[in-house]
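Count residues from 1 along the sequence. Note that these values count all heavy atoms, side chains included, but never hydrogens, waters or copies made by symmetry.
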Amino acid sequence: SAASDVQKRQVEKEIKNDKGEIDHLEVTLVNETQTKVKGVIHWISEKHSIRAEVRHYNKLFLEEDPKVLGNKWKECINKNSLVVFDKALIWNTLKDVKELDRFQFERKGFFAVDLDTDTKKGRYVFNLIVTLSESKELKKVKGGEEKPKSKKSDKKTE
């Protein structure tokens with residue numbers, strides 16, 4: 001089966017070009033019994049990809065109700081309310097997308113084609129519309145730490 005043909009690889013070295021961009025990776029095959037995988041890279045070859053801009057929109061305010069801060073409401077603006085990945089690579093099968101088409105990007109969430117997309121000029125823009133379950137790292141990028149859930153008091157009420 002195709003799934004059994006997949007082998008795990010470990011990145012040993014990033015080889016960069018004169019511009020400081022990653023040109024290629026040196027990898028070694030990893031025996032599954034040797035190590036526990038910490039993460040997975042979803043690889044798209046240059047031959048099968050197109051460049052896109054991917055926008056992650058997050059909460060605009062770090063405070064639930066910024067009005068409570070009065071004139072200091074600007075202090076709770078989330079500086080990471082918009083994170084733009086302008087060098088994302090997507091499968092070239094998406095080259096004929098239409099405005100507002102929706103797709104799931106593996107392990108990230110659901111995205112809609114933005115009105116700024118111009119397929120004739122090779123400009124592709126996707127907006128995050130629904131996240132999948134978020135990692136702690138993604139929550140930090142969004143500018144909000146996960147608030148601890150309130151614990152029930154150990155005190156007995158009388």
Side-chain angles (χ1 to χ4, degrees), residues 1-64 74-149:
S1 76
S4 64
D5 295 338
V6 175
Q7 294 181 322
K8 294 187 176 159
R9 293 159 178 83
Q10 179 174 332
V11 176
E12 298 294 336
K13 189 174 182 183
E14 293 179 353
I15 309 300
K16 297 185 178 184
N17 62 21
D18 295 338
K19 296 177 184 175
E21 300 167 333
I22 296 175
D23 182 63
H24 63 278
L25 302 172
E26 290 182 6
V27 299
T28 56
L29 293 177
V30 177
N31 183 339
E32 282 190 54
T33 59
Q34 288 178 322
T35 182
K36 195 172 193 176
V37 177
K38 294 180 185 175
V40 177
I41 296 175
H42 295 278
W43 187 264
I44 301 175
S45 70
E46 186 174 357
K47 177 181 173 183
H48 298 100
S49 67
I50 53 178
R51 184 129 351 222
E53 179 177 303
V54 178
R55 299 172 180 168
H56 283 221
Y57 292 94
N58 307 301
K59 290 182 180 180
L60 181 57
F61 296 104
L62 299 172
E63 184 69 40
E64 182 87 18
K74 289 182 183 179
E75 293 175 14
C76 73
I77 291 178
N78 181 359
K79 292 179 179 130
N80 294 312
S81 64
L82 172 60
V83 179
V84 177
F85 300 94
D86 60 351
K87 294 181 182 177
L89 295 177
I90 60 172
W91 289 105
N92 62 6
T93 55
L94 297 175
K95 68 183 181 309
D96 296 320
V97 296
K98 293 176 181 50
E99 292 176 347
L100 305 178
D101 281 351
R102 291 173 301 279
F103 302 93
Q104 180 179 356
F105 289 179
E106 194 168 352
R107 295 177 164 258
K108 297 297 176 191
F110 293 90
F111 291 78
V113 177
D114 190 86
L115 301 178
D116 292 340
T117 295
D118 186 341
T119 58
K120 292 177 185 172
K121 292 183 179 178
R123 177 164 166 74
Y124 300 91
V125 181
F126 294 84
N127 297 323
L128 179 66
I129 53 174
V130 177
T131 61
L132 299 177
S133 60
E134 296 178 350
S135 66
K136 290 179 184 175
E137 290 77 23
L138 183 58
K139 287 180 184 175
K140 287 179 187 174
V141 168
K142 288 184 172 185
E145 293 291 327
E146 186 175 353
K147 294 181 181 177
K149 294 179 182 175

Heavy-atom pair of closest approach, residues [X] and [Y]:
X	Y	value
L94	I50	C-CD1, 4.3 Å
S81	K59	CB-O, 3.4 Å
V113	T117	CG1-OG1, 3.4 Å
Q104	L132	NE2-CD1, 3.6 Å
V84	E53	CG1-CG, 3.6 Å
N17	D23	N-CB, 4.2 Å

Atom [atom1] in [X], atom [atom2] in [Y]: separation rounded to 0.5 Å?
X	Y	atom1	atom2	answer
T131	K108	OG1	NZ	11.0 Å
F111	R55	CZ	CZ	12.0 Å
Y124	D114	OH	CG	14.5 Å
I129	L100	CD1	CG	9.5 Å
C76	E64	SG	CD	11.0 Å
R51	N92	CZ	CG	14.0 Å

Quick one: do V11 and V27 satisfy side chain to side chain contact (heavy atoms under 4.5 Å, CB included)? Show the steps, please.
CA-CA 4 Å; V11 176; V27 299; 4.2 Å; yes
Which of parallel (below 30°), tilted (30 to 60°) and perpendicular (above 60°) describes H56 and F85?
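If you compare the ring of H56 with that of F85, the planes turn out perpendicular.
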Any idea how H48 and W91 line up, ring-wise: parallel (<30°), tilted (30 to 60°), or perpendicular (>60°)?
tilted
With side chain to side chain contact (heavy atoms under 4.5 Å, CB included) as the test, would you mind laying out the steps for D96 and T119 before giving the verdict?
CA-CA 7 Å; D96 296 320; T119 58; 5.8 Å; no
With side chains defined as the heavy atoms from C-beta onward, is the minimum distance between V54 and L128 less than 4.5 Å?
no
CD/E46: more than 12 non-hydrogen atoms of other groups inside 6.0 Å
no
Take atom CZ in R123; do more than 12 heavy atoms of anything else shown fall under 6.0 Å from it?
yes
Trace of the side chain to side chain contact (heavy atoms under 4.5 Å, CB included) decision for F103 with I90
CA-CA 11 Å; F103 302 93; I90 60 172; over 6 Å; no
